[in-house]
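One structure is given below, encoded as structure tokens.
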Amino acid sequence: MPTLFEKIVAGEIPANIVHQDDRVTAFRDISPQAPVHVLIIPNKPIPTVNDVSEDDERTLGHMFVVARDIAKQEGIAENGFRLIVNCNQHGGQVVYHLHMHLVGGRALGPMLAGEKHG
Ligand code: 5GP
């Protein structure tokens, strides 16, 4: 079964796409947590960070280059932003097609909610 995000890559489900090339697709999150909230995904359906391989290094590195360019386009590069990749249940991953959240446009506050450890 193709993931939701594979269908977005294939154009079978509508999404507000801000960038697409032969390796990655970036589109606005349907439920934004900040003024800018873009998801950057490999076109290849890698389920989680646990599933990445050395063969994916070029694509994964490219995701950062695309994040840099989108942050600049969105006018949030100078003030700053956050990149988040959730993995599995404890990481809060909901969609099992690896994705990088690019969030910004406001001060985001502490990195993690909840109690401190150590
Ligand atoms: P995760 O929790 O897996 O790291 O994040 C999944 C993200 O995908 C969530 O922020 C959620 O709002 C977003 N999302 C889920 N379904 C859709 C969809 O159909 N379209 C778009 N654009 N984003 C989605």
Side-chain angles (χ1 to χ4, degrees):
M1 274 288 286
T3 65
L4 180 64
F5 287 178
E6 271 181 274
K7 291 182 181 169
I8 287 175
V9 171
E12 291 165 14
I13 287 182
N16 190 338
I17 292 178
V18 296
H19 173 92
Q20 188 162 39
D21 60 39
D22 60 333
R23 290 181 174 272
V24 311
T25 300
F27 50 94
R28 296 194 192 281
D29 197 291
I30 205 166
S31 178
Q33 306 294 310
V36 175
H37 189 168
V38 171
L39 301 173
I40 302 164
I41 71 172
N43 293 341
K44 172 187 166 185
I46 304 166
T48 80
V49 173
N50 290 331
D51 302 300
V52 303
S53 78
E54 282 69 12
D55 291 345
D56 300 320
E57 282 180 357
R58 204 163 147 233
T59 297
L60 297 170
H62 187 52
M63 287 166 67
F64 277 87
V65 172
V66 169
R68 176 201 67 189
D69 290 347
I70 294 171
K72 194 170 176 195
Q73 276 164 33
E74 297 286 326
I76 61 172
E78 288 306 315
N79 281 339
F81 54 90
R82 191 170 288 162
L83 299 175
I84 303 164
V85 181
N86 296 322
C87 179
N88 277 347
Q89 193 190 0
H90 280 194
Q93 185 172 6
V94 173
V95 179
Y96 281 78
H97 181 134
L98 190 147
H99 48 279
M100 175 188 276
H101 296 254
L102 163 59
V103 283
R106 64 172 172 82
L108 295 168
M111 188 172 68
L112 296 175
E115 63 202 74
K116 288 190 185 285
H117 293 270

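Numbering starts at 1 and runs along the sequence shown. Read the numbers this way: they start at 1 and go in the same order the structure lists the ligands and their atoms.
- Of the heavy atoms in Phe5, only side-chain atoms (C-beta onward) come closer than 4.0 Å to ligand 1.
- Using a 4.0 angstrom heavy-atom cutoff, Gly92 counts as in contact with ligand 1.
- Ranking protein heavy atoms by distance to atom 7 (C) of ligand 1, first place goes to Asp29 OD2, 3.5 Å.
- In terms of modelled atom types and a separation under 3.5 Å, the side chain of His19 and the main chain of Val24 share no donor-acceptor contact.
- Each of the following atoms of ligand 1 lies closer than 4.0 Å to a heavy atom of His99: 1 (P), 3 (O), 4 (O), 5 (O), 6 (C).
- In this structure a side-chain-to-backbone donor-acceptor pair under 3.5 Å is present from Gln93 to Val95.
- Contact between His101 and ligand 1 is present, with at least one heavy atom of the residue lying under 4.0 Å from the ligand.
- For the atom pair OH (Tyr96) and CG (Asn88), the distance works out to 4.5 Å, reported to the nearest 0.5 Å.
- Of the heavy atoms in Val94, both backbone and side-chain atoms come closer than 4.0 Å to ligand 1.
- In the hydrophobic clustering of this structure, Val38 groups with Phe64; members are Ile, Leu, Val, Met, Phe, Trp, Tyr whose side-chain heavy atoms approach within less than 4.5 Å, directly or through other members.
- Phe27 is linked by a ring pair (Phe, Tyr, Trp, His ring centres under 6.0 Å) to Phe5, counting only residues two or more places apart in sequence or in another chain.
- At a cut-off of 3.5 Å, with distance as the only test, a side-chain donor of His62 or Asp21 sits close to an acceptor on the other residue.
- Applying the 4.0 Å criterion to heavy atoms of Ser31 picks out, from ligand 1, the atoms 12 (O).
- Below 3.5 Å of separation, one finds no N or O of Ala15 facing any N or O of ligand 1.
- Annotation: side-chain hydrogen bond (donor to acceptor under 3.5 Å, both in side chains) contacts involving residues 35-48, sequence neighbours excluded, comprise Thr25-Asn43, Asp29-His37, His37-His101, Lys44-Asp56, Thr48-Asp51.
- Judged purely by atom type and a 3.5 angstrom limit, Gln20 uses its side chain to pair as donor or acceptor with the backbone of Val9.
- The backbone N or O of Ile70 sits nowhere less than 3.5 Å from a side-chain atom of Gln73 that would complete a donor-acceptor pair.
- Among Thr48, Val38, Ile30, the residue whose heavy atom lies closest to atom 20 (N) of ligand 1 is Ile30.
- Using a 4.0 Å cut-off between heavy atoms, Arg28 contacts ligand 1 through its backbone alone, with no side-chain atom that close.
- In Leu39, the part holding a heavy atom less than 4.0 Å from any atom of ligand 1 is the side chain.
- Using a 4.0 Å cut-off to heavy atoms of Asn86, the atoms of ligand 1 that qualify are 1 (P), 2 (O), 4 (O).
- Under 4.0 Å from ligand 1, the heavy atoms of Leu4 that appear belong solely to its side chain.
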